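The structure appears right after this line, and notes come after that.
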Amino acid sequence: MAPLAKSGHLMHIRPRVSPVLADLLFGATALVYFAACCLFVAFLLGRISGVTWAARLVAIGVPLHAAQIVVSSLLLHVCPVQGIHFALSVASLLAAAVYVGVRTRYRIDVVGAFVAPLALTFLLASRLVVVTAQEVPRLRSVVLPFHVAANLLGVALFTLAFAAAVAYLVQERRLKQKRIEGMMQRLPPLDALDRAEHRFLVAGFPMLTIGIITGSLWAHEVEAGGAAEIARAAFSYVSWALFGLVLLLRAAVGWRGRRAAYGTIAGFGFAVLVLLLYLVRSVPAASVALGGGP
Amino acid sequence: MTILLVGLSHKSAPVEVRERLSAGAEALPVVLSHLAAREELQEVMFLSTCNRVEVVALPRSRLDDAALRAIREELARHGGLERDADLAPYLYEKRGDEAVAHTFRVAASLDSMVLGEPQILGQVKTAYDAAVAAGALKGMLGRCISRAFAVAKRVRTETAIAAGTVSIASVAVDLARHIFGDLDHHAVLLLGAGEMAEAAAKSLSKGARAVRICNRSFERAAALAATMHASATPWDQLEQEMLQADVVVASTASRVPVVTQDVVRRVMKARKGRTLFFVDIAVPRNIEPAVHKLDNVFVYNVDDLEQEVARGLKARHGELAAAEAIVAEEVAQFLSWTRGLQVQPTVVALRTRAHAVLFGELERSLGGRLKHLPEGDRAALAQMLESSIGKLLHAPTTRLKARASDGEGDAGELASALRYLFDLAEIAPEPHDRAEPKGEDRGDGGESLPH
């Protein structure tokens with residue numbers, strides 16, 4: 001089991017959950033996600049005609065994934081988000097859960113082709129990547145739970161918006177090039193992708209805003225000011241500004257479709273940069289924070 | 001006597017070329033009259049649709065090459081081209097059985113962009129009516145086209161080629177679904193109120209939230225709208241209507257684009273970038289091609305639908321084979337009939353000769369030695385001679401026709417021998433110059449054609 005950030009005061013308590021259960025849940029989740037990925041790939045290659053089963057497998061994977069996170073947390077006596085890799089696993093779980101919840105209504109089944117590999121990757125990373133983390137007492141704060149929760153949900157929603165934007169660009173390009181056959185038949189309608197992308201942005205933007213505000217407060221509290229923190233904060237603000245601009249221009253002057261998709265992808269790119277800074281930093285993570293937290 | 005066909009279609013020429021040669025209701029009689037006036041052509045029909053422009057003709061005796069040249073010249077003239085060579089890369093030429101088979105396939109919608117679509121038969125009938133009205137179809141070619149209608153009917157009733165057929169309109173609906181999903185919440189605007197608009201409106205009115213019909217003649221738009229769940233709108237409201245519409249299907253007969261890039265740019269600004277999908281099924285095109293370059297605007301013309309149609313074609317491959325078999329059978333029967341037609345003048349001349357000789361002798365006898373015979377006996381003698389001629393000539397004429405129908409090479413020699421032996425040259429000219437069957441009934445193929 002991957003060592004994760006451990007709370008010192010819990011170190012002496014013996015695990016009450018069987019490691020075998022955690023292993024079983026991990027294996028089952030990975031297997032289900034992997035099967036879903038295979039079906040999505042087969043669908044994109046035109047080998048199978050529908051993604052219903054692939055989407056169903058993701059739906060099966062979500063509760064397994066959630067159970068795996070809970071059991072692993074209990075086993076290790078850590079908060080699931082107290083380490084960037086574990087936190088990303090939670091974010092990917094949230095993305096998969098939102099996908100399962102809205103895929104039929106938004107007609108974005110194919111977005112699962114991005115969500116399923118993402119969830120599988122972060123599930124594996126949460127277990128296989130070794131991060132020796134220790135809690136840094138000075139980072140404790142009352143705003144931390146809000147900061148982390150908002151950012152995780154924000155990341156999940158922006159991930160879905162990003163996937164919808166990429167699918168939109170592929171579909172739009174095919175329609176412009178008048179290549180009716182093949183991939184175009186397998187992607188959702190153009191307007192459905194544009195609408196879904198917009199809705200994910202609308203839902204994710206408040207989360208990111210909360211993340212920014214709480215992150216700034218937190219940074220102020222703990223007096224963080226290193227170069228990495230400043231860069232992370234800057235990227236977070238740029239990401240926030242880009243998403244905000246996409247939403248504003250869409251409402252004001254009808255920026256939709258391709259331009260909105262490019263804006264969304266750019267905003268997501270900066271969000272990923274923030275996450276990468278967390279991943280590569282030498283100081284162990286205490287949380288995942290897009291909003292400028294240390 | 002060889003039927004000739006010269007033309008171009010969606011398979012041989014892009015829409016840019018086809019729209020130059022297409023002829024609307026006004027231009028069709030003009031082109032036809034030019035063709036009919038050509039000395040090289042004995043019979044001619046001019047067919048012009050969105051997807052093809054074809055001339056099918058019967059040349060005068062032994063003038064096949066000259067006739068083909070004449071057709072090419074007339075097509076180039078109609079297209080405003082200085083040299084008919086400019087058209088050469090796009091034109092196909094067919095002779096004899098190939099021309100007949102092509103005509104049958106076109107009428108049966110086997111050569112259509114949308115396999116099995118029903119509009120083509122109506123368009124061939126329009127071309128046929130125009131040619132008949134112009135006096136340009138009066139013999140074998142007329143019978144060939146009539147037969148094409150019968151073949152089309154057979155194909156439709158004996159195969160499932162048209163079952164579940166995607167019309168151009170339904171392909172447009174399918175494309176619209178790739179963009180908008182369900183059309184329930186989207187409005188459709190039809191530009192034009194012709195036959196194509198009608199077909200599109202019928203497909204679209206089933207799924208769309210609203211269907212508006214905009215036509216230069218408001219009365220015509222209103223008349224079409226009244227037949228379905230649609231409403232008409234004046235032509236000068238076109239730009240306003242495009243603000244509301246999501247799918248615009250254009251099928252007017254205009255020779256110049258009715259929707260330009262500048263107009264659509266204005267419209268898109270007012271729409272705040274909401275996606276707009278144009279389906280341009282008109283030839284010449286109604287929507288300026290540059291419109292497709294604008295953001296969130298998609299323009300598909302008839303050529304763009306080809307891939308979609310090709311996929312439908314695969315799905316109905318089995319039906320296509322059955323339909324092609326019907327066409328092949330009908331072509332064989334028609335050719336057999338036309339070959340029989342080649343010896344028909346000889347048969348008629350032989351009977352005329354026999355009549356002339358025997359009744360001449362009877363006439364002379366009745367004026368001399370048999371002058372005393374009463375009217376009843378004279379009539380009996382005439383009846384006896386008539387019957388004798390029939391019996392005597394039955395075997396040679398039926399065998400000659402059978403040889404010709406079978407396509408045996410010696411039918412011509414036998415006919416020549418008869419003409420020589422019985423000195424028939426004075427009675428009937430060479431077979432190439434005659435061969436005019438009776439009747440031009442449409443659809444049933446005539447009494448002498450087998451079914």
Side-chain angles (χ1 to χ4, degrees), chain A residues 46 49-51 102-111 164-165 167-199 201 245-264, chain B residues 14-15 113-114 166 168 171-187 207 243 246-247 265-280 289-315:
Chain A
S49 59
V51 285
V102 302
R103 71 174 180 91
T104 311
R105 190 143 50 96
Y106 288 7
R107 303 185 61 178
I108 52 158
D109 275 359
V110 78
V111 167
Y168 178 93
L169 288 177
V170 173
Q171 181 76 313
E172 195 260 0
R173 190 179 167 82
R174 291 202 155 238
L175 276 163
K176 280 287 185 195
Q177 292 176 340
K178 300 180 176 176
R179 287 156 63 196
I180 302 172
E181 84 298 351
M183 181 71 82
M184 192 176 126
Q185 299 286 338
R186 291 189 284 279
L187 290 176
L190 201 62
D191 255 21
L193 289 168
D194 185 51
R195 218 166 30 243
E197 174 201 321
H198 179 62
R199 285 171 178 171
L201 281 192
L245 201 64
V246 168
L247 290 172
L248 181 71
L249 288 173
R250 183 182 179 108
V253 291
W255 253 47
R256 54 178 81 215
R258 190 168 43 171
R259 292 176 186 181
Y262 282 137
T264 302
Chain B
V15 67
M113 180 182 280
V114 179
V166 274
I168 283 185
V171 170
V173 172
D174 195 35
L175 268 172
R177 292 210 168 102
H178 281 305
I179 296 173
F180 299 110
D182 292 334
L183 289 175
D184 300 7
H185 304 293
H186 295 88
L243 295 181
D246 300 294
V247 182
R265 193 178 279 128
R266 273 202 307 274
V267 166
M268 288 306 287
K269 200 170 175 184
R271 289 171 64 92
K272 287 199 168 178
R274 274 191 302 119
T275 308
L276 188 54
F277 176 41
F278 288 96
V279 181
D280 190 355
V291 172
H292 186 65
K293 292 177 183 163
L294 297 175
D295 268 0
N296 300 331
V297 182
F298 303 92
V299 181
Y300 277 65
N301 61 43
V302 283
D303 278 9
D304 301 328
L305 306 176
E306 196 162 14
Q307 289 178 350
E308 185 78 354
V309 172
R311 290 191 304 113
L313 189 79
K314 273 184 196 168

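Note: hydrogens, waters and symmetry copies are ignored here, and every other heavy atom, side chains too, is used. Only a predicted model underlies this, so the values are computations on that prediction, with no experimental measurement involved. Below, chain A is the first sequence line, B the second, and so on; all start at residue 1.
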So, taking the atom named CD in A:Glu197 and the one named CG in A:Leu169, what distance separates them when rounded to the nearest 0.5 Å?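 The distance works out to 8.0 Å.
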
How long is the span from the CG atom in B:Leu294 to the NZ atom in A:Lys176, to the nearest 0.5 Å? 6.5 Å

What part of B:Lys293 lies closer than 4.5 angstrom to a heavy atom of chain A: side chain, backbone, both or neither?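 For B:Lys293, the backbone is the part near chain A, not the side chain.
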
At a heavy-atom separation under 4.5 Å, does B:Arg271 approach chain A through its side chain, its backbone, both, or neither? neither

Below 4.5 Å from any heavy atom of chain B, which atoms of A:Arg259 appear? Answer side chain, backbone, both or neither. side chain

Please state whether the side chain, the backbone, both or neither of A:Ala251 comes within less than 4.5 Å of a heavy atom of chain B. backbone

Go through the steps to decide whether B:Val247 and B:Phe180 satisfy the test side-chain contact (heavy atoms from CB on, under 4.5 Å), and finish with yes or no. CA-CA 9 Å; B:Val247 182; B:Phe180 299 110; 3.6 Å; yes

So among B:Val291, B:Leu276, B:Ile179, which one has a side-chain contact (heavy atoms from CB on, under 4.5 Å) with B:Phe298?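 Only one of B:Val291, B:Leu276, B:Ile179 forms a side-chain contact (heavy atoms from CB on, under 4.5 Å) with B:Phe298, namely B:Ile179.
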
Which pair of non-hydrogen atoms, one from B:Val15 and one from B:Asn301, has the smallest distance, and what is that distance? CG1-ND2, 4.1 Å

Any idea which of B:His292, B:Lys269, B:Met268, B:Arg274 has the most non-hydrogen atom pairs under 4.5 angstrom with chain A?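 Maximum pair count with chain A is reached by B:His292.
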
